[in-house]
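Heads up, the thing below is written out as structure tokens.
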Amino acid sequence: MIICLDIGNTNIKYAVYDKDNLLLSFRVATDLKKTSDEYGEQVISILQNNKLEISGITGGIISSVVPQLDYTVEKMCRVYLGIKPLVLAPGLKTGLNIKVEDAREVGADRVVNNVSGIKKYGAPLIIVDFGTATTFNVIDAKERFIGGIIAPGMKGSLDSLVNGTAKLPRVEIERPPKVIGTNTVNNMQSGIFYGFAGLTGYLISRIKKEMKEENVKVVATGGFAELIANEIAGIDYVDKLLTLEGLKYLYYYNCSDEGKK
């Protein structure tokens with residue numbers, strides 16, 4: 001078995017695979033104050049509750065956009081899982097052809113999504129990730145990552161709205177009954193939900209025009225992917241495990257003999 005970890009700004013996502021078979025996936029809140037011991041106890045508890053033997057985990061791989069947690073999570077893997085994980089960083093083979101001004105600026109999560117998207121869906125491709133930020137990755141017919149868009153995330157936008165005003169309440173992000181809200185909660189939900197649906201649909205349309213390619217597929221991933229995909233016609237696939245499956249692929253692509261210490 002191998003374990004894949006995607007450290008994001010809001011959540012750390014985990015998946016345990018036995019070769020290509022997904023045995024377990026879960027997420028925990030990203031917390032910069034937690035120690036490697038606290039993360040370790042949390043992960044061990046979840047694995048044991050799902051009847052997975054810790055000794056059966058022979059390797060792992062980490063993708064991170066939170067540098068402050070890199071050492072903490074790596075140490076947790078060594079101490080509690082008994083593995084030395086691969087880390088998505090310069091030097092790790094990805095096979096991705098990056099055609100942007102500075103490849104070093106491309107976040108690890110976007111690299112993994114691109115690799116996974118090409119492998120699963122082919123090219124040309126647009127990948128929309130509804131995470132802490134809303135990112136659009138653009139892959140041309142030659143399987144090259146040619147650029148994209150970074151927009152605010154849905155939750156972050158709502159937090160900004162609530163924190164920046166004195167009277168607006170915190171609400172759930174969900175589809176309201178109609179666009180025109182008749183109370184404060186529905187007004188806010190409409191702004192977030194339909195606002196991001198409109199943003200997503202418009203940007204997909206503009207990207208396709210600039211690409212000038214035939215049969216461009218659109219894949220959505222991230223926490224709000226399904227919610228938005230049900231509202232607009234421009235999304236072909238929803239794949240909430242896209243990043244973790246990309247990490248699994250990269251682990252085996254880089255050879256799995258890193259394994260046990």
Side-chain angles (χ1 to χ4, degrees), residues 1-28 30 32 34-40 42-44 46-47 50 52-98 103-120 127 129 131 135 137 143 145 221-222 239-261:
M1 295 186 296
I2 66 165
I3 188 165
C4 302
L5 300 87
D6 176 34
I7 306 173
N9 290 292
T10 303
N11 293 299
I12 302 177
K13 296 178 282 292
Y14 296 80
V16 179
Y17 290 94
D18 181 7
K19 296 183 180 177
D20 281 334
N21 298 319
L22 176 67
L23 302 180
L24 175 67
S25 67
F26 60 95
R27 64 178 60 200
V28 301
T30 301
L32 298 179
K34 276 187 180 177
T35 66
S36 58
D37 293 327
E38 289 172 312
Y39 276 115
Q42 192 175 43
V43 170
I44 292 296
I46 293 171
L47 294 176
N50 285 274
L52 291 178
E53 292 290 338
I54 310 304
S55 60
I57 296 176
T58 58
I61 184 168
I62 298 172
S63 166
S64 173
V65 295
V66 188
Q68 304 95 308
L69 277 180
D70 291 357
Y71 175 77
T72 299
V73 175
E74 286 182 56
K75 183 179 178 182
M76 180 272 290
C77 287
R78 294 196 308 269
V79 174
Y80 284 87
L81 302 178
I83 60 172
K84 180 182 177 183
L86 296 175
V87 177
L88 187 60
L92 194 76
K93 296 184 296 182
T94 67
L96 181 65
N97 191 352
I98 301 177
R104 294 170 298 180
E105 293 181 347
V106 182
D109 54 339
R110 299 182 79 181
V111 171
V112 176
N113 281 346
N114 290 337
V115 169
S116 186
I118 292 169
K119 183 169 178 61
K120 295 185 71 176
I127 299 171
D129 188 348
T135 59
N137 295 342
E143 299 187 350
F145 173 50
T221 190
D239 189 340
K240 301 187 87 170
L241 288 172
L242 186 71
T243 309
L244 292 168
E245 291 192 355
L247 284 171
K248 175 197 69 177
Y249 169 73
L250 287 176
Y251 178 85
Y252 290 118
Y253 183 66
N254 282 271
C255 300
S256 57
D257 59 358
E258 292 293 325
K260 289 281 181 180
K261 292 184 293 183

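If you're wondering where the values come from, they're calculated on a predicted model, not measured in any experiment. The first residue of the sequence shown is numbered 1, and numbering continues consecutively from there.
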Subject >> Nearest heavy atoms of Ala15 and Leu22, plus distance in Å >> reply: CB-CD1, 3.9 Å
**OP:** Could you tell me whether the side chain of Val65 reaches within less than 4.5 Å of the side chain of Ile7, counting heavy atoms only?
**Re:** no
Original post:
If you round to the nearest 0.5 Å, how far is CD of Glu245 from OG of Ser25?
Top reply: 9.5 Å
Original post:
So with a 6.0 Å cut-off around CD of Glu53, is the heavy-atom count from everything else above 12?
Top reply: no
**OP:** Write down the atom of Ala103, the atom of Ile98, and the distance for their closest heavy-atom approach.
**Re:** CB-CG2, 3.9 Å
Original post:
Taking C-beta and beyond as the side chain, do Asp6 and Leu247 meet within less than 4.5 Å on heavy atoms?
Top reply: yes
**OP:** Kindly state each residue pair satisfying ring-ring contact (aromatic ring centres under 6.0 Å, His included) with at least one member in residues 3-24, sequence neighbours excluded.
**Re:** Tyr14-Phe26
**OP:** Enter the distance from Glu74:CD to Thr72:OG1 here, rounded to the nearest 0.5 Å.
**Re:** 9.5 Å
Subject >> CA sep, side-chain torsions, deciding dist, call: Ile61, Val87, side chain to side chain contact (heavy atoms under 4.5 Å, CB included) >> reply: CA-CA 6 Å; Ile61 184 168; Val87 177; over 6 Å; no
Original post:
Residues two or more places apart in sequence or in another chain: which of them pass side chain to side chain donor-acceptor pair (under 3.5 Å) with Asp20?
Top reply: Lys248
Subject >> Interatomic spacing from CG in Leu5 to CG in Leu81 - rounded to 0.5 Å >> reply: 8.0 Å
Subject >> Intermediate values then yes/no, side chain to side chain contact (heavy atoms under 4.5 Å, CB included), Thr30 and Thr10 >> reply: CA-CA 5 Å; Thr30 301; Thr10 303; 5.5 Å; no
Original post:
Are any of the side-chain heavy atoms of Ile12 and Arg27 separated by less than 4.5 Å?
Top reply: no
Original post:
How long is the span from the CG atom in Leu86 to the CG atom in Asn254, to the nearest 0.5 Å?
Top reply: 6.0 Å
Original post:
So which heavy atom on Ile118 is nearest to which on Glu143, and how close?
Top reply: CG2-CD, 3.5 Å
**OP:** Report yes if some heavy atom in the side chain of Asp239 is under 4.5 Å from a heavy atom in the side chain of Lys120; otherwise report no.
**Re:** yes
**OP:** Can you see which heavy atom on Leu88 is nearest to which on Ala108, and at what distance?
**Re:** CD2-O, 3.4 Å
**OP:** Would you check if Asn97 and Phe145 make a side-chain contact, meaning some heavy-atom pair closer than 4.5 Å?
**Re:** no
Original post:
Distance from Thr221 atom OG1 to Asp129 atom CG, nearest 0.5 Å?
Top reply: 5.5 Å
Original post:
Less than 4.5 Å apart, any side-chain heavy atom of Val112 and any of Tyr249?
Top reply: no
**OP:** Please tell me if the side chains of Leu52 and Leu23 come closer than 4.5 Å, counting only heavy atoms from C-beta onward.
**Re:** yes
**OP:** Begin with the C-alpha distance, continue with both residues' side-chain angles, and end with the deciding distance and a verdict on side chain to side chain contact (heavy atoms under 4.5 Å, CB included) for Leu47 and Ile54.
**Re:** CA-CA 7 Å; Leu47 294 176; Ile54 310 304; 3.5 Å; yes
Subject >> Check: Ile62 and Pro85 side chains under 4.5 Å, non-hydrogen atoms >> reply: yes
**OP:** Drop me the distance from Cys77's SG to Ile3's CD1, to the nearest 0.5 angstrom.
**Re:** 6.5 Å
Original post:
Looking at Met76 and Val43, what are the two nearest heavy atoms and their distance?
Top reply: CE-CG2, 4.1 Å
Subject >> Donor + acceptor pair across side chains of Ser64, Asp70 (<3.5 Å) >> reply: yes
Original post:
Is the number of heavy atoms from other residues, nucleotides or ligands within 6.0 Å of NZ (Lys19) greater than 12?
Top reply: no
Original post:
Does Ser116 reach the main-chain N or O of Leu242 with its side chain, forming a donor-acceptor pair under 3.5 Å?
Top reply: yes
**OP:** Please report the closest heavy-atom contact between Tyr253 and Thr94, naming both atoms and the distance.
**Re:** CE2-C, 3.8 Å
